[in-house]
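When a residue number appears, it is its place in the shown sequence, counting from 1.
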Amino acid sequence: MPLYQRKSIRLQGYDYRQSGAYFVTILTYKRMNTLGDVYREDVVLSELGKIVKQVWEQIPSHFVYVDLDFFVIMPNHFHGILIITDNPAGSDSSDSLNISVRAQHVAPLQAPLAHTSKPKGITPNNVASGSLGAIIRSFKGTVTRLTHQMGYELPIWHRNYYEHIIRDEKSLNSIREYILYNPAKWEIDSLYQK
């Protein structure tokens with residue numbers, strides 16, 4: 001009987017280490033409203049939501065090739081735009097593929113296992129060093145670690161995340177507008193839950 005394998009929702013063959021803008025959506029576990037509440041079209045963050053904001057804003061200090069753009073923390077999900085700039089792990093040089101992420105908040109730096117056939121720069125968890133996946137894994141893991149240290153015991157995040165590769169200025173501006181007005185449209189949002 002074949003083992004169950006989750007189907008990847010990533011764009012096949014796309015190198016998520018390369019420079020570009022990415023729109024990311026991360027859901028909370030079971031879409032629970034744990035990050036805050038919306039009052040009069042403004043988001044009031046919970047303690048957990050404040051940690052999410054703090055960790056998100058620290059990403060560029062851990063991943064020096066990442067710039068942050070618009071983001072919003074909603075009661076049960078998070079939207080943000082990450083811009084990967086000159087990522088040394090995303091260049092074509094074979095030497096640069098061995099560069100480990102400088103600091104992955106909580107994830108220990110891991111070298112690929114010698115007996116695997118994965119390309120250089122791919123961790124045992126199939127996440128390329130310096131990639132969007134490595135950044136999001138670090139972000140989610142750090143939030144989880146900090147909140148568990150505070151005594152929060154439930155899972156925080158949905159297992160995966162959604163991403164959209166932003167290909168032009170028109171798309172970028174449209175997504176920025178969506179993020180900006182997301183709290184005002186909360187009650188008609190597809191992720192809305194009381």
My understanding is that only residues two or more places apart in sequence, or in another chain, count here; which of them pass side chain to side chain donor-acceptor pair (under 3.5 Å) with Glu57?
Lys53

Report yes if some heavy atom in the side chain of [X] is under 4.5 Å from a heavy atom in the side chain of [Y]; otherwise report no.
X      : Y      : answer
Trp56  : Phe78  : yes
Ile156 : Leu48  : yes
Val24  : Tyr162 : no
Tyr65  : Pro60  : no
Asn76  : Thr34  : no
Glu177 : Asn182 : no

Between atom [atom1] of [X] and atom [atom2] of [Y], what is the distance when rounded to the nearest 0.5 Å?
X      : Y      : atom1 : atom2 : answer
Arg137 : Ser131 : CZ    : OG    : 8.0 Å
Ile51  : Ser46  : CD1   : OG    : 8.5 Å
Ile81  : His164 : CD1   : NE2   : 9.5 Å
Thr28  : His77  : OG1   : NE2   : 9.0 Å
Asp168 : Leu172 : CG    : CG    : 8.5 Å
Leu45  : Asp37  : CG    : CG    : 10.0 Å

Closest heavy-atom contact between [X] and [Y]?
X      : Y      : answer
Ile73  : Val43  : O-CG1, 3.1 Å
Tyr29  : Pro155 : CB-O, 3.5 Å
Ile179 : Phe70  : CD1-O, 3.7 Å
Glu41  : Pro183 : O-CB, 3.4 Å
Lys140 : Asn160 : NZ-O, 3.2 Å
Gly36  : Pro75  : O-CB, 3.2 Å

Before giving the answer on side chain to side chain contact (heavy atoms under 4.5 Å, CB included), spell out for Leu82 and Leu132 the whole-Å C-alpha distance, their side-chain angles and the decisive distance to 0.1 Å.
CA-CA 8 Å; Leu82 284 169; Leu132 179 64; 3.5 Å; yes

[X] and [Y]: aromatic ring centres closer than 6.0 Å?
X      : Y      : value
His79  : Tyr178 : yes
Phe139 : Trp157 : yes
Phe23  : Phe71  : no

Could you list the donor-acceptor pairs under 3.5 angstrom formed between side-chain atoms of residues 146-154 and any protein atom two or more places apart in sequence or on another chain?
residue: Thr147; atom: OG1; partner: Val143; partner atom: O; Å: 2.9
residue: Thr147; atom: OG1; partner: Thr144; partner atom: O; Å: 3.1

Looking at Ile166, Ile84, Asp69, which one forms a side-chain contact (heavy atoms from CB on, under 4.5 Å) with Tyr22?
Ile84

Indicate, with yes or no, if Met74 and Leu68 share a hydrophobic cluster defined by side-chain heavy-atom contacts under 4.5 Å among Ile, Leu, Val, Met, Phe, Trp and Tyr.
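Shared cluster, yes.
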
Donor-acceptor contact present, side-chain Ser171 to main-chain Arg167, <3.5 Å
no

